[in-house]
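Take a look at the structure below.
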Amino acid sequence: MIITQKRELSRLLENVENYRSFFLIGCSECATLCGTGGEEQVKELTGVLRGKGKEVTGGIVARTGCQVLGTKKELKEHKEALDKTECILVMSCGAGTQSAVEIFEDKAVYPTNDSLFLGNMTRFQMFDERCSLCGECILDRTGGICPVTNCPKGILNGPCGGMQDGKCEVSPDINCAWVRIYERMKKIDRLDEMRETVLDAKSWSKGQKPAALSTREKKEKK
Ligand code: SF4
Ligand code: SF4
């Protein structure tokens, strides 16, 4: 899931000070789990804006904010309110904000959140980054633990010389990714494989931006 954090309210209010009317779009997926764009937060921001003398014409929590066509369809029944709206506030990730930019070509669109990373929710509203979307996964060679993300230096054949007692030299709060990989490989009886494996330098071109992918089946030419 995409981990988001609310932007400073003062900055948001400064962004939108010249607009009078707003429509709010949250997201029922990641932003709801992060507590940045669910029903509660949409209601809360509505109250804040009204308290500042602004008009809030409406709001929704979109099923999946990054799904452009689905969100567009959900917004159809709010046409009347949207016609009276000057500015759209998107309470999801940057992808959701850009869905709104695509849907509302002629309206101002602002994000209320910062998008931080792709993360796993380990406990309620606690998130850890586990994958950096490098485009060429090597988890098959590392016992399922990602050194690209879990090692602050992204070392592919570690540990580095700074590791001490299983802790990372960059921060004693972090367990060395390569010690974790070693322990994991030992547990699943793959240490021999680890001894023989030298990971090749990664081709970062696989993670080149902007990425695009179509999973539609190609139609066969007749
Ligand atoms: S190797 Fe790449 S794709 Fe696989 S988990 Fe790590 S960052 Fe993600
Ligand atoms: S101590 Fe381990 S996790 Fe930290 S930088 Fe070195 S190899 Fe990476």
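No side-chain donor-acceptor contact under 3.5 Å links E8 to the backbone of R11. A side-chain donor-acceptor contact under 3.5 Å links K107 to the backbone of T85.
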* To do: Could you walk me through whether L45 and L12 pass the side chain to side chain contact (heavy atoms under 4.5 Å, CB included) test, one step at a time?
  => CA-CA 11 Å; L45 186 57; L12 175 66; 4.2 Å; yes
* **side chain to side chain contact (heavy atoms under 4.5 Å, CB included) evaluation trace for E44 with K6** => CA-CA 12 Å; E44 191 181 285; K6 288 180 192 171; 3.2 Å; yes
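Here E55 does not pair with R20 in a salt bridge; the nearest charged N to carboxylate O distance is not below 4.0 Å. In summary, D128 and R130 engage in a salt bridge, as defined by a charged side-chain N under 4.0 Å from a carboxylate O.
The neighbour count for D83 CG, taken as heavy atoms of other residues, nucleotides or ligands under 6.0 Å away, is above 12. Remark: D140 CG is packed, more than 12 non-hydrogen atoms of other residues, nucleotides or ligands lying under 6.0 Å away.
Residues S21 and T57 bring no donor and acceptor atom of their side chains to less than 3.5 Å of each other. T64 and E29 form a side-chain donor-acceptor contact under 3.5 Å, judged by distance and modelled atom types alone.
Side-chain atoms of Q5 and N113, non-hydrogen and from C-beta on, never get closer than 4.5 Å to each other. Contact of the I25 side chain with the L75 side chain is registered, since non-hydrogen atoms from C-beta on lie closer than 4.5 Å.
There is no path of hydrophobic side-chain contacts, each under 4.5 Å, that joins V179 to M185.
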